[in-house]
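Just below is one structure, and these are the notes that go with it.
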Number of protein chains: 2
Amino acid sequence: MRREIAPCCQEQQIHPEALEKVRSLLPPDERLYDLAELFKIFGDSTRLKILYALLEGELCVCDLAGLMAVTQSAVSHQLRVLKNSKLIKFRREGKTIYYSLADSHVERILSQGMEHIEE
Amino acid sequence: MRREIAPCCQEQQIHPEALEKVRSLLPPDERLYDLAELFKIFGDSTRLKILYALLEGELCVCDLAGLMAVTQSAVSHQLRVLKNSKLIKFRREGKTIYYSLADSHVERILSQGMEHIEE
DNA sequence: TAAACATATGAATAAATGTTCATATATAGA
DNA sequence: TCTATATATGAACATTTATTCATATGTTTA
């Protein structure tokens, strides 16, 4: 039989005092958005593989393409994403372009993630 | 004018020795996939906001819905995602369900990400 | 300058994902 | 048992996103 449908949380907020405190400590929306954008970058196994590969040192696009099961084009597209987020940098040497990690944050973020998984 | 198109990396791999080393140190594909899944969770500002809110302590679904600009349904869906990834846990108290962070990894992953953004 | 190679990029496509709406389920109280 | 409230869930939809294909750009060497 049908039952009445109620909108949620009619009694105002259930814990207004907790909510007030949380609200005041929360990072601004814009910052949360940027942070989400950053983690989104790490949320793809192709990009993760590239980052892990670069932990050992610089590699060129062909090396990376040879390492992964995707086309050179796909690698190149993903390198651009990583470059735009300042997670990797590059240098040119003739026809070849060498990519490497931008800083040590990448390694630390990867490790924290791995730790969580490995339990 | 048209120029000939060449497939990439014809000369075998450019740096075979580097590639060999990288290949041997790379985490297995399955693990990279799992790690990507984890970071994917952090790659959404709604979920990030929930996680940051829970840093201060437990909150019920209505509290969280009140905090965000989305429906109770959306919050509930996201809570399930977070629950499935073992990032949050919950306890029931009558009609109300209180959610809280599962462990301290969440906080550390968030901090590492923030550090990168804040430069 | 023409050919060859390394890398980048635009368009198209398929798959994944977040939100809402409608409604189901669980619990408490009358 | 009936009603009200808190939370969960399935379906539909719109948006994002990763990949491939075709081709463009940049660099070296003949």
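Not measured: the values here are computed from a predicted model.
The CD1 atom of B:I97 sits 11 Å away from the P atom of C:dA26 (whole-angstrom rounding). One can place CG of A:D44 at 13 Å from C1' of D:dT16, the figure rounded to the nearest angstrom. Look at CZ on B:R91: it is 17 Å from C1' on C:dA26, rounded to the nearest Å. Whole-Å rounding puts the B:Q78 CD to C:dT19 P distance at 5 Å. Put simply, CD1 on B:I41 is 15 Å from P on C:dA16, counting in whole angstrom units. Computed from coordinates, the A:L64 CG to C:dA8 P distance equals 10 Å when rounded to whole Å. Here the P atom of nucleotide C:dT19 and the CZ atom of B:R80 are 13 Å apart, to the nearest Å. One interatomic measurement links the two molecules: NZ of A:K40 to P of C:dA16, which rounds to 17 Å at whole-angstrom precision.
Between B:R108 and B:S104, the side chains place a donor N or O and an acceptor N or O closer than 3.5 Å (distance only, hydrogens not considered).
When the side-chain nitrogen and oxygen atoms of A:R92 are compared with OP1 and OP2 of D:dT27, one or more of them lie within a distance under 4.0 Å. Remark: B:Y99 is in phosphate contact with D:dA8, judged by side-chain N or O atoms under 4.0 Å from OP1 or OP2. Distances shown here put every side-chain N or O of B:Y98 at or beyond 4.0 Å from the OP1 or OP2 atom of D:dT7. OP1 or OP2 of C:dT20 lies within a sub-4.0 Å distance of a side-chain N or O belonging to B:T71.
Between B:H105 and A:H116, the two ring planes are perpendicular [angle over 60°; tilted spans 30° to 60°].
Between C:dC21, D:dA6, D:dT20, one nucleotide has an atom nearer to the side chain of B:S73 than all others, and that is C:dC21. Taking every side-chain heavy atom of A:K95 into account, D:dG26 is the closest of D:dA8, C:dG10, D:dG26. Considering only side-chain atoms of B:A74, the nucleotide from D:dT7, C:dA11, C:dT19 that sits closest is C:dT19.
Annotation: cation-pi geometry not satisfied between A:K40 and B:F39 (NZ/CZ under 6.0 angstrom from ring centroid, within 45° of ring axis).
If you check distances only, the side chain of A:H77 does reach the base of D:dT20 with a donor-acceptor pair under 3.5 Å. Checked by distance alone, A:Q72 brings a side-chain donor or acceptor within 3.5 Å of a matching partner on the base of C:dA8.
Under a cut-off of 6.0 angstrom, the local environment of NZ in B:K21 is sparse, with at most 12 non-hydrogen atoms contributed by other residues, nucleotides or ligands. No more than 12 heavy atoms of other residues, nucleotides or ligands sit less than 6.0 Å from atom CD of A:E30.
Across all strands, B:F90 comes closer than 4.0 Å to no nucleic acid atom at all (heavy-atom distances).
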